[in-house]
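The figures that follow rest on heavy atoms only: side chains count, while hydrogens, waters and symmetry mates do not. Ligands are counted one by one from 1 in listed order, and the atoms in each one are counted from 1 as well. Residues take their numbers from the sequence shown, with the count starting at 1.
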Amino acid sequence: MDSLITRSCSSSNSLFFIALLVFFSHLSFASCSDHHDLESFRGILKRESTKWRKQKQTCDVYQGSWVLDDSYPLYDSLDCPFIRKEFDCIKYGRPDRFYLKYKWQPNDCDLPRFDGIDFLTRLKGKKIMFVGDSVSLNQWQSLLCLLHASVPRSNITQENNGSVSSMIFQDYGVSVMLFSSHYLVDIEEEDIGRVLKLDSLKNGELWKEMDVVIFNTWLWWYRSGPKQPWDYVQDGESILKDMDRMEAFRKGLTTWAKWVNSCVNPTKTKVIFQGISPSHYNGTEWNEPDVTNCGKETQPINGSSYPSGLPRAAYVVKDVLSQIEKPVHLLDITTLSQLRKDGHPSSYNAFRGMDCTHWCIAGVQDTWNQLLYAFLIS
Ligand SMILES: *[C@@H]1O[C@H](CO)[C@@H](O)[C@H](O)[C@H]1NC(C)=O
Ligand SMILES: *[C@@H]1O[C@H](CO)[C@@H](O)[C@H](O)[C@H]1NC(C)=O
Ligand SMILES: *[C@@H]1O[C@H](CO)[C@@H](O)[C@H](O)[C@H]1NC(C)=O
Ligand SMILES: *[C@@H]1O[C@H](CO)[C@@H](O)[C@H](O)[C@H]1NC(C)=O
């Protein structure tokens, strides 16, 4: 397995660096229409981010609670052109608005305000990619809306190629990309059928060319029946009809971890893993045993802890990540999102199905992206 991964990441790094240098030197001569505004902005932001760096050293931003803040949401979802029918809650009739008004308040510090112009300026000429399932798609769209709200008149173009969708903020040369992958590891079509290969990861070639990558996988590991997109699972030499799903998840994630260790160049690429995104179908978890979905939820849970604690998979994630030698940041959104039983589309989507897995846009994932921003500027 190790040799498979290593082989798949031995391309010409030096050539790529030369290409990158050429790209950067080209960009620094490019003119930018927002130039004057930007100069004064940058002064303020530099002070903001210095303050933030000082503060952050003693602060776990993932420990905190949700507080009402009238300046939220950070944008009007009706003005965002990127939202898919699954997540566009207001458009599909969601009547309550409290869920839009909550800000995440860490216990020991304040998060920096999300600033799209600063985000795009810092990432000038770079590529940021979400890799994962529909929760990644959901977060990608939230980030696009946040950025679009900051630069509503800028030139944004779209490119789709196979598993990759890119939105390119042309005035900054920033690509905000999505790579769809349910499991991170491969599924291959073989004579016996579709095989989920826990030891094989072949898409990394593209991922390691990114400047920032945010990975996620979880939603699909317990899928079975007609929704399961594989027929067999391969674990080492054994080809099995099925196996313990949590064990499969751990093995798949470990293959990804090995790929990070052997293939990622940490001076080029910042690697982030998005923690387990919780769903809300089981009211026992929040002390309302008769509740079986999020359909009537309009308020977050008060305080900092979720009655049932973390899901098992969150421990697997922490355990596997702790074995990676290269720097990987855990975007640890599990607990803060568990508190947001009110944040899901429920039936306010184009399909009217009860969805307590994904998140309304605008909404909870804007905070995930705010936390992502806070990490990137620290
Ligand atoms: C947007 O950028 C693309 C790529 O640089 C360019 O071809 C296109 O003409 C631009 N559109 C506008 C409206 O400026
Ligand atoms: C699409 O992706 C493939 C594989 O990464 C690449 O070879 C091809 O050039 C891409 N096509 C476009 C139009 O970008
Ligand atoms: C609901 O959550 C409780 C508490 O975590 C757990 O004991 C129970 O098994 C869950 N029920 C279902 C149907 O998953
Ligand atoms: C949440 O907790 C705060 C502080 O303990 C309290 O003032 C507030 O009334 C609580 N809200 C709800 C809805 O329970």
Side-chain angles (χ1 to χ4, degrees), residues 19-20 22-35 37-38 79-82 116-117 119-121 123-128 144 147-161 164-177 218-225 227-228 244-249 275-297 300-318 333-344 346 353-358:
L20 203 72
V22 171
F23 191 39
F24 275 124
S25 54
H26 167 73
L27 269 175
S28 59
F29 291 107
S31 69
C32 169
S33 53
D34 296 328
H35 193 70
D37 290 349
L38 276 178
D79 293 336
C80 180
F82 308 115
I117 292 179
F119 188 101
L120 291 166
T121 306
L123 287 184
K124 193 155 204 149
K126 298 195 171 167
K127 292 185 172 146
I128 175 167
L144 291 173
L147 293 172
H148 173 262
S150 302
V151 292
R153 281 177 303 280
S154 74
N155 184 357
I156 306 170
T157 59
Q158 179 167 10
E159 274 173 26
N160 295 317
N161 185 2
V164 186
S165 306
S166 309
M167 289 289 179
I168 304 154
F169 289 76
Q170 295 288 351
D171 303 329
Y172 298 84
V174 174
S175 299
V176 183
M177 306 164 79
W218 169 241
L219 206 50
W220 287 77
W221 288 90
Y222 273 82
R223 289 275 154 94
S224 57
K227 284 183 172 169
Q228 174 186 307
D244 180 82
R245 299 302 182 93
M246 196 62 80
E247 205 42 44
F249 173 61
I276 302 294
S277 175
S279 52
H280 289 93
Y281 292 100
N282 179 356
T284 304
E285 291 176 3
W286 64 92
N287 299 332
E288 293 184 55
D290 298 334
V291 175
T292 56
N293 63 48
C294 59
K296 294 204 168 70
E297 304 298 332
I301 289 163
N302 212 3
S304 302
S305 59
Y306 191 60
S308 71
L310 287 173
R312 267 173 73 208
Y315 294 99
V316 173
V317 166
K318 285 190 179 166
I333 49 73
T334 306
T335 301
L336 66 91
S337 307
Q338 284 181 315
L339 302 173
R340 295 305 305 273
K341 56 188 170 52
D342 59 329
H344 302 286
S346 66
M354 182 57 66
D355 181 355
C356 303
T357 296
H358 299 96

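- For atom 4 (C) of ligand 3, the closest heavy atom belonging to the protein is Thr284 CG2, 3.9 Å.
- Not one N or O of Ser308 is nearer than 3.5 Å to an N or O of ligand 3, by distance alone.
- The aromatic rings of Tyr306 and Trp286 sit tilted, their planes meeting at an angle between 30° and 60°.
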If you apply the rule side chain to side chain contact (heavy atoms under 4.5 Å, CB included), what do you find for His358 with Leu219, and how did you get there?
CA-CA 10 Å; His358 299 96; Leu219 206 50; 4.2 Å; yes

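- The nearest protein atom to atom 13 (C) of ligand 3, hydrogens excluded, is given as Asn282 ND2, 4.4 Å; this is a heavy-atom distance.
- For atom 11 (N) of ligand 1, the nearest protein heavy atom is under 4.0 Å away.
- Summarising the geometry, atom CD1 belonging to Ile156 is positioned 8.0 Å from atom CE belonging to Met167; distances are rounded to the nearest 0.5 Å.
- For the residue pair Ile276 and Thr334, the shortest heavy atom distance occurs at O-OG1, 2.8 Å.
- Ring planes of Phe249 and Trp221: perpendicular class, angle over 60° (limits at 30 and 60°).
- Nearest non-hydrogen protein atom to atom 5 (O) of ligand 1 is Gln170 OE1, 3.5 Å.
- Using a 4.0 Å cut-off to heavy atoms of Glu285, the atoms of ligand 3 that qualify are 2 (O).
- Between Asn155 and ligand 1, a contact under 3.5 Å exists for at least one N or O pair.
- For atom 7 (O) of ligand 3, the nearest protein heavy atom is 4.0 Å or more away.
- Counting non-hydrogen atoms of other residues, nucleotides and ligands closer than 6.0 Å to CZ of Arg312 gives a total of 12 or fewer.
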